[in-house]
Protein chains: 4
Amino acid sequence: MSDAPTRLTRAEQQARTRERLLAAAADAFAEHGFDGASIDDITARAGFSRGAFYSNFADKSDLLVQLCEAHIDRFARAELPAILAVPEQEQLAAVARWLVQEEPPLETLLVVELARQRHRPEIAATLDRVLATVIDGIEGLLTVEGSQLAGLGRDEVQARSRAVLAAVVGIDVLGHVGIPIDRRVIELLLAGIADPEAAT
Amino acid sequence: MSDAPTRLTRAEQQARTRERLLAAAADAFAEHGFDGASIDDITARAGFSRGAFYSNFADKSDLLVQLCEAHIDRFARAELPAILAVPEQEQLAAVARWLVQEEPPLETLLVVELARQRHRPEIAATLDRVLATVIDGIEGLLTVEGSQLAGLGRDEVQARSRAVLAAVVGIDVLGHVGIPIDRRVIELLLAGIADPEAAT
Amino acid sequence: MSDAPTRLTRAEQQARTRERLLAAAADAFAEHGFDGASIDDITARAGFSRGAFYSNFADKSDLLVQLCEAHIDRFARAELPAILAVPEQEQLAAVARWLVQEEPPLETLLVVELARQRHRPEIAATLDRVLATVIDGIEGLLTVEGSQLAGLGRDEVQARSRAVLAAVVGIDVLGHVGIPIDRRVIELLLAGIADPEAAT
Amino acid sequence: MSDAPTRLTRAEQQARTRERLLAAAADAFAEHGFDGASIDDITARAGFSRGAFYSNFADKSDLLVQLCEAHIDRFARAELPAILAVPEQEQLAAVARWLVQEEPPLETLLVVELARQRHRPEIAATLDRVLATVIDGIEGLLTVEGSQLAGLGRDEVQARSRAVLAAVVGIDVLGHVGIPIDRRVIELLLAGIADPEAAT
DNA sequence: GATGAATGAGCATTCATTCAT
DNA sequence: AATGAATGAATGCTCATTCAT
């Protein structure tokens with residue numbers, strides 16, 4: 001009867017279902033861990049039935065993989081370019097802002113889960129890809145043309161990128177544990193990293 | 001009744017059982033997480049039966065609590081005093097050494113598990129105690145008489161202790177994820193914290 | 001609307017879909033049993049989707065019924081008349097040939113499934129009809145005019161028809177279990193049945 | 001308080017549990033097939049909980065294996081020797097009696113299930129053992145010293161043992177399907193097998 | 001008529017916990 | 001104190017079935 005276009009095509013519907021399930025899973029995993037979160041919990045949060053889950057994911061571990069892929073994609077496609085677009089001198093300030101934003105930049109607890117499920121081959125591959133992407137991103141960020149760290153040697157860059165990652169992870173975990181991290185803490189953590197001549 | 005000298009008294013036997021179970025649990029939790037580790041796994045690692053476990057702990061959650069208490073006690077009673085005994089000027093170097101020692105100073109993954117089980121009241125209390133002990137310890141360490149940071153204000157001390165904790169946690173997690181952290185990374189992270197005049 | 005001659009009419013198309021699904025189901029049931037075979041397995045073998053199945057059959061149990069009806073119809077309409085058309089003296093030889101033909105004369109495993117689903121009324125009716133058709137067919141075969149068994153009493157005929165059926169079933173099951181049955185075995189089983197004066 | 005011996009030791013208790021579960025499983029498998037029978041159904045019939053099952057069997061397929069092993073052991077240890085103990089001339093009469101006894105001599109439906117689960121390696125081994133044991137038993141029975149078939153060649157003995165097995169299986173299946181098999185049917189089936197000079 | 005996403009009951013299995021020994 | 005058989009709730013997953021497209 002109606003010639004108005006259907007609001008959502010079937011494929012769009014399913015994509016929406018998938019997105020909601022991924023979002024619910026991110027919450028549930030952060031709250032209870034991978035083993036602690038049940039599929040029922042996840043689907044209930046998303047407002048779907050158990051079966052909807054298995055229409056969209058092969059199994060629970062596939063969900064974890066896809067969730068991490070989605071996170072890392074967002075990081076590589078959206079967040080990293082946004083920081084890199086900032087004028088060179090303010091790069092570290094941009095990193096600092098990024099570290100304390102509401103939506104956490106890196107779901108550390110998710111990465112911990114990934115690490116725990118590393119014994120499954122399909123997970124190990126994703127973990128490696130996630131870590132490589134993040135570290136590459138940070139290295140690129142530190143050595144962007146015009147940066148005060150642009151002239152550093154390979155080892156120094158690597159050490160600094162790992163230091164940044166350690167800071168990000170530490171801050172994220174403390175946030176989950178209920179210890180608030182303000183701008184000052186971040187300044188202190190980044191001070192040495194930002195200084196091209198940090199003493200040995 | 002017995003006239004042969006028992007090698008270990010009953011109490012010593014039980015203490016040994018308890019220690020072995022705690023050690024096995026630390027391994028199992030780090031490997032699989034709290035939910036992922038089964039009591040059978042833990043008791044098998046320790047070489048005991050299910051029953052031995054329930055003779056020593058009320059339930060699984062009690063095990064987690066006792067494990068954290070044991071860790072934090074060791075930290076407060078042994079490790080912290082050892083660092084504090086070092087001459088003031090080398091305090092931060094001692095912290096650095098402490099951060100990279102073989103046996104990790106703080107079982108970060110254990111703390112993550114504690115945080116996840118926070119909804120249980122007995123766990124929440126332990127988590128608070130663990131965090132308070134660690135932060136107090138670090139604050140004491142930073143402001144020990146003669147330290148270059150001794151004159152800082154309350155807020156600065158708090159920010160720096162949280163920065164140290166974030167560094168410790170970040171380093172520990174990266175270690176678990178397979179990213180090696182060497183001395184240089186630690187220097188970079190501590191540089192700002194150690195500088196009494198770190199810029200704002 | 002269409003001016004191109006459709007290769008197959010709608011009805012023919014559907015009949016073909018139905019045939020393929022029935023054939024796929026026969027394979028799947030023989031391989032995994034009624035409960036063990038999934039509709040997805042059946043439709044995948046037939047090259048269709050779940051929906052095609054439900055367009056042709058009310059439910060899984062309806063499929064089993066229709067499959068057995070199709071088998072028994074083929075038996076009653078094609079195979080039995082073919083044997084009965086053979087000259088009387090060679091009837092039992094024809095039965096013997098029939099028993100070892102490539103396409104099994106009676107899907108014993110299907111009958112076993114029917115028996116297991118007997119508690120459902122529609123299944124019980126089909127089972128009774130299948131068994132009655134087969135036994136009637138065998139009795140007619142044994143007592144066909146001119147047969148050496150034509151003069152036997154009711155009880156003797158019934159006993160012999162059941163003996164034939166037992167032989168057919170036994171042979172079929174052993175074939176499924178991997179024990180090959182050759183002509184000699186069939187001769188031995190039929191020898192007593194074929195002898196009008198088999199001792200008591 | 002009591003110095004009377006405990007009725008059942010722990011090991012005896014568990015053996016009883018195991019026996020009851022095996023008996024319940026035999027019923028449930030015969031009624032619903034391997035896939036159709038649920039563990040809950042089996043344990044409920046036996047009067048135990050789900051967990052008791054998993055204390056005694058590794059999983060459902062282990063249950064099937066152990067059930068078949070138990071059946072074949074009973075056949076090889078008790079039933080076959082009993083028939084062989086009978087005077088030679090009455091051997092086939094004893095077989096006939098054995099075939100129609102209340103407790104079926106061979107759980108044919110169980111064997112059908114075994115055959116269906118053959119793709120699992122542990123099952124395939126059991127199936128082979130079951131079939132080999134039964135066929136060996138029947139061959140020994142047919143060629144026992146003094147038997148009228150004692151002088152037959154290898155091929156004839158093999159053909160006759162398979163014929164007996166086919167008869168046993170056919171009779172058993174018909175019994176499950178509701179077709180009663182009386183002594184006369186068995187006589188007819190065995191007549192050719194028992195005749196050393198059955199025509200070719 | 002055919003498709004396949006979604007539903008939800010059912011099932012095998014795991015595992016924390018209890019308790020008789 | 002320690003054992004391990006038994007319990008039963010919880011969980012991941014399968015699969016018959018429905019229904020919007």
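Reckoned from all heavy atoms, side chains included, excluding hydrogens, waters and symmetry mates. Letters A, B, ... mirror the listed sequences (proteins, then strands); counts begin at 1.
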C/Ser49 side-chain N/O to E/dT3 phosphate OP1/OP2 under 4.0 Å: yes
Side chain of D/Ala52 - closest among F/dT7, F/dA9, F/dC13: F/dT7
Toward the 5' end of DNA chain E, by each residue's nearest nucleotide, D/Asp40 or C/Gly51: C/Gly51
Touch class at under 4.0 angstrom, heavy-atom based, for C/Tyr54 against every strand present: base
Atom-pair distance (NZ on B/Lys60; C1' on E/dT18), nearest Å: 17 Å
Spacing between D/His32 atom NE2 and E/dC11 atom P, to the nearest angstrom: 10 Å
N or O in side chain of A/Ser55 less than 4.0 angstrom from E/dT7 OP1/OP2: no
Rounded distance (Å) that lies between atom P of E/dC11 and atom CG of D/Asp35: 12 Å
B/Ser61 and B/Gln117 side chains, donor-acceptor separation under 3.5 Å: no
Distance in angstrom units between A/Gln14 CD and F/dA20 P, rounded: 17 Å
Separation of atom CZ in B/Phe57 from atom P in E/dT18, rounded to whole Å: 16 Å
Side-chain heavy-atom pair A/Asp128, A/Arg118 within 4.5 angstrom cut-off: yes
Bracket notation of DNA chain F in which parentheses pair within the strand, [ ] cross earlier pairs, and | pairs with another strand (Watson-Crick or G-U, under 3.5 Å): .||||||||||||||||||||
Length of the line joining D/Asp41:CG and E/dC11:C1', which is rounded to integer Å: 12 Å
Set of residues satisfying ring-ring contact (aromatic ring centres under 6.0 Å, His included) with respect to D/Phe48, sequence neighbours excluded: none
Residue-phosphate contact under 4.0 Å: A/Thr17 side-chain N/O, E/dA5 OP1/OP2: no
Whether B/Glu31 side chain and B/Ala28 backbone form a donor-acceptor pair below 3.5 Å: no
Touch class at under 4.0 angstrom, heavy-atom based, for B/Ala58 against every strand present: nothing
Backbone of C/Ser38 reached by a side-chain donor or acceptor of C/Lys60 within 3.5 Å: no
Residue closer to the 5' end of DNA chain F, C/Phe53 versus D/Phe53 (nearest nucleotide): D/Phe53
Residue closer to the 5' end of DNA chain E, A/Asn56 versus B/Ser38 (nearest nucleotide): A/Asn56
Main-chain N/O of D/Phe34 paired with D/Glu113 side-chain donor or acceptor, under 3.5 Å: yes
Gap between atoms CD1 and P, on C/Ile42 and F/dT17 respectively (whole Å): 11 Å
Atom pair distance, as rounded to whole Å: CG in A/Asp59 and P in F/dG12: 11 Å
Chi angles and distances behind the side chain to side chain contact (heavy atoms under 4.5 Å, CB included) call for A/Leu63, A/Phe53: CA-CA 9 Å; A/Leu63 169 65; A/Phe53 175 84; 3.5 Å; yes
